[in-house]
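Working notes, structure below.
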Amino acid sequence: MIFVKDKGASSEILKDGFQLNLTEIELWLLKKQIINAEQKLVSYKDVLQWYRGGAETYIASFEIEIIVDSNILQKDIILKALVTLTPEISLKNWEKRRKILSDNNIPVSNWYYWGDGLILEEKYFHFKPDLDHLSKLLLIAVALDKLGFSTLHFTSALMVNVKNEIVFVDFGFDLGDPSKNYTVTALSHIVELFPEQKYEVETLIATLAN
């Protein structure tokens, strides 16, 4: 089964020179490392047409069904197209920041493919900061501040996976670049988010920051 929309994610398949049939879509998915050679494509469906996702991105999505070990598995994929004046340079900056975060134990989104100003990643879900995630948010904030990032509202760059685990998904100019100077912007943001727990948060901050 194939279901495509005008200006949906399938436009990328056509742009790459593949036809919109199961055989060629499967080849495209292999090329983008979304599936492997032992998996068989059963269906493809465009879900969201391209829309403005942020200052630097347009976003689309699709879902596929594949056969994995005799079972049918659904995968939901997000496409992010960087639409800056120099998308390839922007993508290199995103990749660099993502690696810095990952190397410092900050969970980052799973990228299947990136290149030509395009990212294909796992689907994540809206995140609203809450007390259940407070300890993890503090760990991320401490790491960002120690790295010298000056992002003011880093939680807007967070989403959650199907296990409700926080993942950093936006590595654009709002995150900026690290510096040698220790900052407190991320931790200050946590205090603003949880004013009722200000004492507890500040106590945790003092412990984590040492």
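- Using a cut-off of 4.0 Å between Lys/Arg side-chain N and Asp/Glu carboxylate O, Lys96 and Asp177 are scored as salt-bridged.
- Remark: Ile166 CD1 to Leu137 CG distance equals 4.0 Å, nearest 0.5 Å.
- Of all non-hydrogen atoms in Trp50 and Ser11, the two that sit nearest each other are NE1-OG, 3.1 Å.
- Not one N or O on the side chain of Asp145 forms a donor-acceptor pair closer than 3.5 Å with the backbone of Gly148.
- Annotation: the span from Asn110 atom CG to Asn161 atom CG amounts to 10.5 Å, rounded to 0.5 Å.
- Looking only at side-chain heavy atoms (C-beta outward), Ile190 and Leu134 come within less than 4.5 Å of each other.
- A cation-pi contact links Lys32 to Tyr113, judged by a cut-off of 6.0 Å to the six-membered ring centre and 45° from its axis.
- Using cut-offs of 30° and 60° for the angle between ring planes, the Phe168 and Phe154 rings count as parallel.
- Partners of Asn93 under the side chain to side chain donor-acceptor pair (under 3.5 Å) rule, at least two apart in sequence or in another chain, do not exist in this structure.
- Taking the charged nitrogens against the carboxylate oxygens, Glu12 and Lys15 do have a contact shorter than 4.0 Å, which makes a salt bridge.
- Distance CG/Asp69 to CD/Gln39: 8.0 Å, rounded to 0.5 Å.
- Heavy atoms only, all atoms of each residue included: Gly8 and Asp46 are closest at CA-OD2, 3.9 Å.
- Around atom NZ of Lys5, more than 12 heavy atoms belonging to other residues, nucleotides or ligands sit under 6.0 Å away.
- Considering CG of Leu131 and NE2 of His133, their distance stands at 11.0 Å, rounded to 0.5 Å.
- Within a 6.0 Å sphere centred on CD of Glu165, heavy atoms belonging to other residues, nucleotides or ligands number more than 12.
- By the 6.0 Å contact criterion, CD1 on Ile89 is open, its count of non-hydrogen atoms from other residues, nucleotides or ligands being 12 or less.
- The minimum heavy-atom distance between Lys75 and Tyr112, with the atom names listed, is CE-OH, 3.5 Å.
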